[in-house]
2 protein chains.
Amino acid sequence: MSRGSPTTTSYAVLGLLSIKPWSSYELTQQMDRSLGRIWPRAVSKLYEEPKKLVDHGLARASTEQNGQRTRTVYTITAKGRRALATWLQHPGEGPVIEFEQLLKVFFSENGTKADTLATLLAAQGWARARCAESLPVGERYAEGEGLFPERLPELQLTSRFITDFYLLVLNWARWAATIVETWPDDPRQATYESEVIAETIARARRAVKDDKTEAGETRHVKD
Amino acid sequence: MSRGSPTTTSYAVLGLLSIKPWSSYELTQQMDRSLGRIWPRAVSKLYEEPKKLVDHGLARASTEQNGQRTRTVYTITAKGRRALATWLQHPGEGPVIEFEQLLKVFFSENGTKADTLATLLAAQGWARARCAESLPVGERYAEGEGLFPERLPELQLTSRFITDFYLLVLNWARWAATIVETWPDDPRQATYESEVIAETIARARRAVKDDKTEAGETRHVKD
DNA sequence: ACATGATACTCCCTTTGGAAGTAAGATGTT
DNA sequence: AACATCTTACTTCCAAAGGGAGTATCATGT
């Protein structure tokens with residue numbers, strides 16, 4: 001009656017258990033607040049996942065009583081810690097993105113200029129809302145009051161990616177809106193700018209060729 | 001015997017049909033080459049989707065014969081075009097990202113410094129490989145030879161986002177590697193830099209506050 | 001006392017991923 | 001010409017996952 005082999009989601013939950021024991025409700029909350037930004041999972045599945053970990057011997061469950069209510073707390077096992085370490089030995093897959101607003105921009109010619117502008121505005125709003133959610137969390141860490149401060153070496157890396165991703169969405173949507181503003185009302189009559197294409201090609205070319213340059217930090221500091 | 005209501009994937013396929021009729025195999029190829037970068041879908045589902053469109057009256061199927069082999073070609077209907085236009089009237093959801101390598105960085109303390117560096121190197125490789133795939137496509141468009149050049153007003157917008165996303169992954173992974181290089185062998189003994197946290201906060205703060213600035217284009221040109 | 005929100009889950013049905021498979025045509029190699 | 005390999009053109013199957021709807025109990029607000 002053993003369930004299928006552990007998935008990446010299994011390891012995500014196991015990784016949280018490596019920090020401390022969590023109740024299943026707390027796990028869903030914690031995923032929603034942090035990991036869900038880079039590995040989003042439905043709540044129902046988050047309740048199932050720890051049970052699978054227990055089946056595999058990677059975690060233990062204990063039940064607590066609060067009046068008529070029970071709460072299940074999960075704790076990582078030594079086998080779980082070893083499994084996590086083994087999982088970390090393989091680099092994992094690159095990012096997968098699903099961007100519905102961009103999909104709509106891709107098919108703009110089937111709608112109106114106003115549709116496209118509204119979509120780009122919504123993308124901007126999305127990015128800002130994400131940053132607005134992140135800010136107080138970051139500020140709490142800066143004040144020395146964030147959760148699990150011993151994890152800040154990792155958190156500084158992951159939060160930088162997440163924030164920059166939001167900024168990418170925001171800046172792209174703003175830039176794209178300046179272009180779509182110049183479109184005629186019928187998107188089918190829009191024209192493109194060869195310099196935009198050329199700039200995009202130049203950026204991709206630099207990435208492919210920049211194998212030898214360790215300029216990452218310089219670039220980031222100077223932004 | 002009507003299937004469930006159209007999904008975003010349905011509209012993605014319908015959008016491709018709005019450009020021209022496609023056989024189901026061609027649809028899978030085209031998704032793999034272009035739309036799959038921002039709306040990835042499994043091949044098996046891509047074969048199913050056009051059948052659903054036909055069920056809903058949004059497309060028509062016709063069968064062609066090639067020796068003993070048949071091929072099914074799908075064509076959008078007028079109802080399909082209207083449905084697509086209606087779908088475009090609603091802005092859609094912001095991006096969802098699943099980044100397994102970043103998840104592993106998040107749990108670095110359970111592995112070794114070398115694990116983390118390998119993961120960051122793999123992320124760089126991923127980004128470069130994606131740019132290397134995109135380059136010849138972009139260059140073909142620059143030479144005036146790309147597919148569906150009448151769609152270049154849209155393509156210039158979407159390809160910019162996609163390329164900049166790859167660059168984000170590449171530059172972040174390089175920058176993160178410079179930091180992880182300074183870590184001790186045991187990641188649990190690593191320290192963080194408060195300036196990094198502060199910079200991330202500053203970036204998020206600017207995004208939330210920059211409601212009034214239309215600096216998108218300037219920023220992009222100056223990069 | 002009652003309403004509302006939070007805690008703490010479960011169930012259900014649809015969508016989706018991806019591996020494995022089948023079949024026939026086209027091209028390459030000997 | 002025979003065979004191998006790749007491409008075209010799909011289908012099937014089972015596991016993973018999404019998300020809505022639901023139940024029950026505690027805690028807080030009015």
Side-chain angles (χ1 to χ4, degrees), chain A residues 1-14 21-33 35-36 38-56 61-74 93-98 100 103, chain B residues 1-14 21-33 35-36 38-56 61-74 93-98 100 103:
Chain A
M1 167 72 182
S2 176
R3 286 167 164 159
S5 55
T7 61
T8 299
T9 303
S10 308
Y11 290 110
V13 171
L14 192 59
W22 304 87
S23 74
S24 30
Y25 181 76
E26 282 173 337
L27 276 172
T28 65
Q29 296 287 88
Q30 185 62 14
M31 286 291 285
D32 192 49
R33 274 194 305 252
L35 269 198
I38 60 169
W39 198 262
R41 283 298 174 270
V43 171
S44 59
K45 302 308 160 191
L46 290 174
Y47 277 104
E48 288 178 16
E49 200 55 55
K51 299 179 205 288
K52 293 184 195 168
L53 292 177
V54 172
D55 284 346
H56 289 287
S62 63
T63 307
E64 300 180 351
Q65 209 71 20
N66 182 18
Q68 295 276 67
R69 208 153 47 167
T70 62
R71 171 195 302 135
T72 313
V73 177
Y74 294 91
E93 298 297 317
V96 171
I97 187 168
E98 295 186 344
E100 192 183 32
L103 190 58
Chain B
M1 164 74 182
S2 176
R3 285 165 166 164
S5 56
T7 61
T8 300
T9 303
S10 308
Y11 290 109
V13 172
L14 192 59
W22 304 88
S23 74
S24 29
Y25 181 76
E26 282 174 336
L27 279 171
T28 64
Q29 296 286 89
Q30 185 62 14
M31 285 291 285
D32 192 49
R33 273 194 304 250
L35 269 198
I38 59 170
W39 198 262
R41 283 296 174 271
V43 171
S44 59
K45 303 307 160 192
L46 290 174
Y47 276 105
E48 288 177 17
E49 200 56 55
K51 298 181 207 287
K52 292 184 194 167
L53 293 177
V54 171
D55 284 347
H56 288 289
S62 63
T63 308
E64 298 179 352
Q65 211 71 19
N66 182 19
Q68 297 275 68
R69 206 149 54 162
T70 61
R71 170 195 301 133
T72 313
V73 176
Y74 294 91
E93 298 296 318
V96 172
I97 187 168
E98 296 185 344
E100 192 183 33
L103 189 58

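- We find that OH of A/Tyr74 is positioned 10 Å from C1' of C/dC9, with the value rounded to whole Å.
- Checking the phosphate oxygens (OP1, OP2) of C/dA8, a side-chain nitrogen or oxygen of A/Arg71 falls inside 4.0 Å.
- Within residues 39-47 of chain A, the residues approached by DNA chain C to less than 4.0 Å at the level of any non-hydrogen atom are A/Ser44, A/Tyr47, in residue-number order.
- In this structure, NZ of A/Lys52 is placed 15 Å from C1' of C/dT10, rounded to the nearest angstrom.
- Taking atom CD of residue B/Glu48 and atom C1' of nucleotide C/dG18, one finds them 12 Å apart after rounding to whole Å.
- Residues A/Gln29 and A/Leu27 have side chains not in contact (no heavy-atom distance under 4.5 Å, counting atoms from C-beta outward).
- Counting to the nearest Å, the P atom of D/dA17 and the OH atom of A/Tyr11 are 13 Å from each other.
- The nearest whole Å value for the distance from the CD atom in A/Glu49 to the P atom in D/dG18 is 11 Å.
- Residues B/Glu48 and B/Lys51 are not paired through a salt bridge, judged by the lack of any N-O separation under 4.0 Å between the basic side chain and the carboxylate.
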CA sep, side-chain torsions, deciding dist, call: B/Glu49, B/Ser10, side-chain hydrogen bond (donor to acceptor under 3.5 Å, both in side chains)
CA-CA 6 Å; B/Glu49 200 56 55; B/Ser10 308; 2.5 Å; yes
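- For the pair A/Val13 and A/Pro50, the tightest heavy-atom approach, listed with the atom from each and the gap, is CG1-CG, 4.4 Å.
- Between A/Tyr25 and C/dA8 there is no side-chain N or O to OP1 or OP2 distance below 4.0 Å.
- Side-chain contact between B/Tyr74 and B/Val54 is present, with heavy atoms from C-beta onward closer than 4.5 Å.
- Residue A/Thr72 places at least one side-chain N or O under 4.0 Å from the OP1 or OP2 atom of C/dC9.
- Mapping A/Asn66 and A/Thr8 onto DNA chain D via the closest heavy atom, the residue that lands nearer the 5' end is A/Thr8.
- Contact annotation: B/Thr9 side-chain N/O to C/dT16 OP1/OP2 distance is under 4.0 Å.
- Comparing B/Glu98 and B/Ser23 against DNA chain D, the residue whose closest nucleotide sits nearer the 5' end is B/Ser23.
- Distance, A/Arg69 CZ to D/dT23 C1': 12 Å, rounded to whole Å.
- At D/dC10, none of the side-chain N or O atoms of B/Lys51 fall inside 4.0 Å of OP1 or OP2 (strictly under the cut-off).
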Test B/Glu98 against A/Ile38 for side-chain contact (heavy atoms from CB on, under 4.5 Å), laying out the working first.
CA-CA 5 Å; B/Glu98 296 185 344; A/Ile38 60 169; over 6 Å; no
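- Backbone-only engagement by A/Ser24 is indicated by non-hydrogen atom pairs under 4.0 Å involving sugar-phosphate atoms exclusively.
- Rounded to a whole Å, the CD atom of B/Gln29 is 13 Å from the C1' atom of D/dC6.
- In this structure, CD of A/Glu26 is placed 16 Å from P of C/dA6, rounded to the nearest angstrom.
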Could you give me the CA-CA distance, side-chain angles and deciding distance for A/Trp39 and A/Thr9, then say whether side-chain hydrogen bond (donor to acceptor under 3.5 Å, both in side chains) is met?
CA-CA 8 Å; A/Trp39 198 262; A/Thr9 303; 3.0 Å; yes
